[in-house]
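The model shown is predicted, which means the values in this text are computed figures rather than measured ones. These values consider heavy atoms only, across backbone and side chains, with no hydrogens, waters or symmetry-generated copies. In each ligand, atom 1 is the first atom listed, and ligand 1 is the first ligand listed.
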Amino acid sequence: GGPLPERSALREAIARATRLSEAQALAPLLAAARMSPAQAKRTDALARQLVRGMREGPQQGGRAGRVQSLMQTYALSSEEGVALMCLAEALLRIPDPATRDALIRDKIGQGDWQQHVGRSPSLFVNAASWGLLLTGKLVATHSEGALLASLTRLVAKSGEPLIRQGVQLAMQMLGEQFVTGETIDEALHRARAMESQGFRYSYDMLGEAALTEADAQRYMQAYENAIHAIGKASNGQGVVNGPGISIKLSALHPRYSRAQHQRVMDELLPRVLKLTELARHYDIGLNIDAEEVDRLDISLDLLEALCLSPSLQGWHGIGLVMQAYQKRSPLVIDFVVDLAQRTGHRLMVRLVKGAYWDSEIKRAQLDGQSDYPVYTRKHHTDVSYLACARQLLAAPEAVYPQFATHNAHTLAAIVQLAHDIGGDYTPGQYEFQCLHGMGEPLYRQVVGRASVAGPSQDASTPSRGSGLHGVSLRGGQQFSRPCRIYAPVGTHETLLAYLVRRLLENGANSSFVNRMGDASVSISDLVQDPVARTEEDAQREDSSPGQPHPQIALPAQMYGAARRNSSGPDLAHEPTLRQLAVYMQAQVQLVTVTPLTASPASGGAIHTLRNPADHSDVLGTVHYASAAEVDAALQAATDFAPAWAVTPPAQRAA
Ligand code: FAD
């Protein structure tokens, strides 16, 4: 479809901010995220306490602890790691422990395991994905032979028992660490233990990016089934206290993109609406996950249509996700708050930092965009997160803020900001969220049974909280803030894309969870205020605050001074599309194509050139050479050939 007509000022403002320069985008946020000295002090104290609680408290026992040490100490960033993960993933396909053990013995326990591995290439089918994830290298570097050799080396170096243990750990991590259950019923059942400790849940049916209509229908069915199951389990607890569901729009339509705007509105919207109506029927929150940045704009069109839908009028369970790493996020919040006010909904807004950072950077480079849509320094994203949090907390009638983070400093800062903006905590004011398998050690210190109000107590019936807004977390005492766990549900076939994002986050040496597990990172470093960090950078680099990462060149400059990258238009950006349309209109001149040797007036046939996508659109004409003209051209070449043959090479080259 063509560009959309001119849109509201708020939407235009979002569009304009998409690829702002980093310093320009960050400048107003630095002011918004800056805390008073008293706030900063309380935040620092609480963050330290939480970190100490995680580091010194009961060690992450069992699986979670082993996964962390696997991440920290096992050299996963190597060919060996890739081979190991391939083996681990193969093990996931085996349902029972006895057969799993048999496979390990078969593959690596025996002296001749190499042969077996060599005969089952399927072991390495996902080497590309794991390779990209673990080593950052593309598949080409992972030949089967090299992977096989790596496994051999591993066995020689470490011995079979260790490998078996490593594989078993990796396998457990894949299968269990990040996934709550293979079916929604299993997940609902497993959730009970944590719910009794005061946690809430939002279930996610694993799977994304439907490639076909059949895929989309399957996901639709899975979501519907899940809503029925969650709805029954929720038993009328309401959107704030009860469990909810998170959906991915890319799973519900194979052409969920700007270029298919009309189809998205005609075909995807009715599906989302149907799911949302079902969620309303059970009064469980339905949250729309945020995906790649080029889908943000169209997701806002869908959100607006949902909010305007008469069947959802007055319901407060519509949710969306905001990614703080996007430069335009504060303007998206302006739009969302306005939308909520216009349509009479209290929208549930989950604030995340964003899970697609690596691919957003890469895509902007591939496409030769004018700038990145995301920040390039981690603490700039942290600054943006706090500024966005403040904005959300300041609009309590319009939004229910849900702060999804595993970072103790971010959490502590939110507690302070929320208190200073809204006073003592009240149920329904906001909640925290974490991912299954990632945030529990942090949130066990934060969540208390007291934060769970009974079914009758909902966002609309606030009761005063404990007043523990600050560092009153003493001697293991819990201060009660609710936390919702994002709980992926699915089988191994649907796991990989989700796992890649989780492992990227766990494995990134800039991420809080990774640094948390690294004893060499001091608590002071871990809990540093991002505004202070940004200013320190500026001072050290003798520049203004908010400069992009010095090692991440702008897309145009990624090849250095010698060669400019090709540039491309952003085809999900309305102003660009409008400009392109005007430009194309202005460029419409009929083309006339003629052979070099012929004159337009010659006797050759004339053909009309048409736009292959629209045959009524005439582009110009082609004049073919006549047979006589072809003969004449050949004759001319023949006549000229001897002279050319004796021309010295240098002269020919010139
Ligand atoms: P931190 O370690 O403090 O932050 C890590 C984050 O910083 C990275 O994820 C990235 O966003 C950012 N970052 C890292 N390096 C850089 C850099 N060089 N420049 C700029 N920024 C950088 N993500 C989605 O995209 N969509 C969702 O719908 C979504 N749903 C979620 C739901 C829940 C309940 C949770 C807990 C997370 C969800 N996420 C989603 C994932 C989320 O984006 C990451 O878990 C989050 O970014 C990690 O942030 P943190 O505060 O825990 O960790």
protein heavy-atom neighbour closest to atom 38 (C) of ligand 1 works out as V352 CG1, 3.6 Å
If we only consider heavy atoms of H380, is any one of them less than 4.0 Å away from an atom in ligand 1?
no
Could you list which atoms of ligand 1 come closer than 4.0 Å to a heavy atom of T405?
50 (P), 51 (O), 52 (O)
Which ligand 1 atoms does G354 reach within 4.0 Å, using its non-hydrogen atoms?
8 (C), 9 (O), 10 (C), 11 (O), 25 (O), 43 (O), 47 (O)
Mutual orientation of the aromatic rings belonging to Y430 and Y425 [parallel < 30°, tilted 30-60°, perpendicular > 60°]
perpendicular
What protein heavy atom sits nearest atom 49 (O) of ligand 1, and how far off is it?
K353 CD, 3.7 Å
Short list, please: which atoms of ligand 1 are under 4.0 Å from a heavy atom of A404?
33 (C), 34 (C), 35 (C), 36 (C)
S511: numbered ligand 1 atoms lying under 4.0 Å from its heavy atoms
2 (O)
Say whether H380 and E22, considering side chains only, have a donor N or O and an acceptor N or O under 3.5 Å apart.
yes
Ion pair present between E224 and R271, side-chain N to carboxylate O less than 4.0 angstrom?
no
Quick check with a 6.0 Å cut-off and a 45 degree axis cone: is K353 positioned over the face of Y385's six-membered ring?
yes
Distance under 6.0 Å and angle within 45° of ring axis: R484 vs Y201:
no
So the atoms of ligand 1 within less than 4.0 Å of a heavy atom of D289 turn out to be 28 (O)
To check your reading of the model: name the closest protein heavy atom to atom 48 (C) of ligand 1, its residue, and the distance in Å.
E505 OE2, 3.1 Å
Using a strict 4.0 Å cut-off to heavy atoms of T376, name the atoms of ligand 1 that fall inside it.
17 (C), 18 (N), 19 (N), 20 (C)
R533 vs D525, salt bridge (Lys or Arg N to Asp or Glu O under 4.0 Å): CA-CA, chis, key distance, verdict:
CA-CA 10 Å; R533 171 76 201 270; D525 279 351; over 6 Å; no
Does only the side chain of A355 get under 4.0 Å from ligand 1, or the backbone, or both, or neither? Count heavy atoms.
both
Give yes if a backbone or side-chain nitrogen or oxygen of R484 is under 3.5 Å from a nitrogen or oxygen of ligand 1, and no if not.
no
Would you say the side chains of Y356 and Q323 form a donor-acceptor pair under 3.5 Å?
no
Taking atom 30 (N) of ligand 1 as the reference point, the nearest protein heavy atom with its distance
R350 NH1, 3.3 Å
Are R19 and D570 close enough for a salt bridge, meaning some N to O gap below 4.0 Å?
yes
Got a sec: does the NZ of K274 have more than 12 other heavy atoms crowding it under 6.0 Å?
no
Salt bridge present between E186 and R190 (N-O < 4.0 angstrom)
yes
Ligand 1 contact by V374, heavy-atom criterion under 4.0 angstrom:
no
Distance from atom 28 (O) of ligand 1 to nearest protein heavy atom, with residue and atom
A290 N, 3.0 Å
Within the 3.5 Å criterion, strictly below it, is a donor on Q528 or E536 matched to an acceptor on the partner's side chain?
yes
Quick test of your reading of the structure: of E360, R515, R377, K378, whose heavy atom lies closest to atom 13 (N) of ligand 1?
K378
Starting from atom 2 (O) of ligand 1, find the nearest protein heavy-atom neighbour and note its residue, name and distance.
F512 N, 2.5 Å
Measure the CD-CD distance between E195 and Q197 for me, rounded to the nearest 0.5 Å.
11.0 Å
Report, in ascending order of atom number, the atoms of ligand 1 lying under 4.0 Å from any heavy atom of Y375.
19 (N), 20 (C)
For atom 12 (C) of ligand 1, find the nearest protein heavy atom and state the residue, atom name and distance (0.1 Å precision).
T381 CG2, 4.0 Å
Proximity of Q323 to ligand 1 by residue part, where a heavy atom lies under 4.0 Å:
side chain
What protein heavy atom sits nearest atom 52 (O) of ligand 1, and how far away is it?
H406 N, 2.6 Å
